[in-house]
Amino acid sequence: MWRSPAEGWRRTTPHSLDPPFVFDNVSAGAALSGPPTGATAVMAQQMADTWMAFARSGNPDNPCIPPWAPNDLERRTTMLFNVPPRAIADPFKAEREFFTQFPTQQGSAGRYRSAS
């Protein structure tokens with residue numbers, strides 16, 4: 001959810017924005033994340049600590065983020081990384097349901113359609 005100030009906010013949340021945060025190296029990835037600031041430092045700590053917690057234990061929970069329930073097809077809990085981060089159940093439900101009408105390369109169109 002982080003909106004990057006890089007390139008005058010033109011790119012908002014570009015593909016591959018996460019590595020500067022995951023590796024806590026915003027200064028090396030300023031072209032994507034924007035220059036180091038207090039907010040980028042918070043984002044880097046959130047993401048780096050979350051990845052390290054997951055690598056160590058298989059559980060991403062850590063003091064930098066709210067509790068994050070495992071994803072399942074009922075709740076679809078998703079962590080929205082931003083300042084502050086939020087764990088939301090199925091945050092893009094309308095978009096997800098819209099795209100179930102289109103076939104995928106895996107042939108799973110409609111496979112996860114909700115009952116509602």
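Because only heavy atoms are used, hydrogens play no part in the values below, and waters and symmetry mates are left out as well, while side chains stay in.
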Would the distance check show the side chain of Gln45 and the main-chain N or O of Cys64 forming a donor-acceptor pair, the cut-off being under 3.5 Å? no
When you compare the side chain of Thr40 with that of Phe21, does any pair of heavy atoms fall below 4.5 Å? yes
Would you name the heavy atoms of Pro66 and Ala87 that are closest together and state the gap between them? CG-N, 3.9 Å
Output yes when a side-chain donor or acceptor of Asn82 lies under 3.5 Å from a complementary backbone atom of Pro84, and no otherwise. no
Distance, nearest 0.5 Å, that separates OG1 of Thr77 from CG of Asp72: 6.5 Å
Please work out whether the ring planes of Phe98 and Phe102 are parallel, tilted or perpendicular, with thresholds of 30° and 60°. perpendicular
Side-chain donor-acceptor pair present, Asn62, Thr50, cut-off under 3.5 Å: yes
Test item: Ser57 side-chain N/O and Phe54 main-chain N/O as donor-acceptor pair under 3.5 Å: no
Is the shortest heavy-atom distance from the side chain of Val83 to the side chain of Met43 under 4.5 Å? yes
Give a yes or no on whether Glu74 atom CD has more than 12 heavy-atom contacts from other residues, nucleotides or ligands under 6.0 Å away. no
Side chains of Thr13 and Ser4, heavy atoms from C-beta outward: is any pair under 4.5 Å? no
Heavy-atom side-chain proximity of Val22 to Pro19 below 4.5 angstrom: no
Closest heavy-atom pair, Ser33 versus Leu17, reported as atoms and distance to 0.1 Å, is CA-CD1, 3.7 Å
Closest approach of Ala6 and Gly34, non-hydrogen atoms and distance? CB-N, 4.0 Å
Any Thr78 side-chain heavy atom under 4.5 Å of Pro91 side chain: yes
Backbone N/O of Trp68 and side chain of Asp61: donor-acceptor pair under 3.5 Å: yes
For residues Ile88 and Met1: do they belong to one hydrophobic cluster (side chain heavy atoms under 4.5 Å, members Ile, Leu, Val, Met, Phe, Trp, Tyr)? yes
Side-chain heavy-atom pair Arg76, Arg96 within 4.5 angstrom cut-off: yes
For Ala44 versus Val26, what's the shortest heavy-atom pair and its separation? CB-CG2, 4.2 Å
Trp51 vs Phe23, test: ring pair (Phe, Tyr, Trp, His ring centres under 6.0 Å). Steps then yes/no. CA-CA 9 Å; Trp51 278 74; Phe23 295 105; 7.6 Å; no
Measure the shortest side-chain to side-chain distance between Pro85 and Met79 over non-hydrogen atoms and say whether it is less than 4.5 angstrom. yes
Does the side chain of Arg3 come within less than 4.5 Å of Trp9's, by heavy atoms? yes
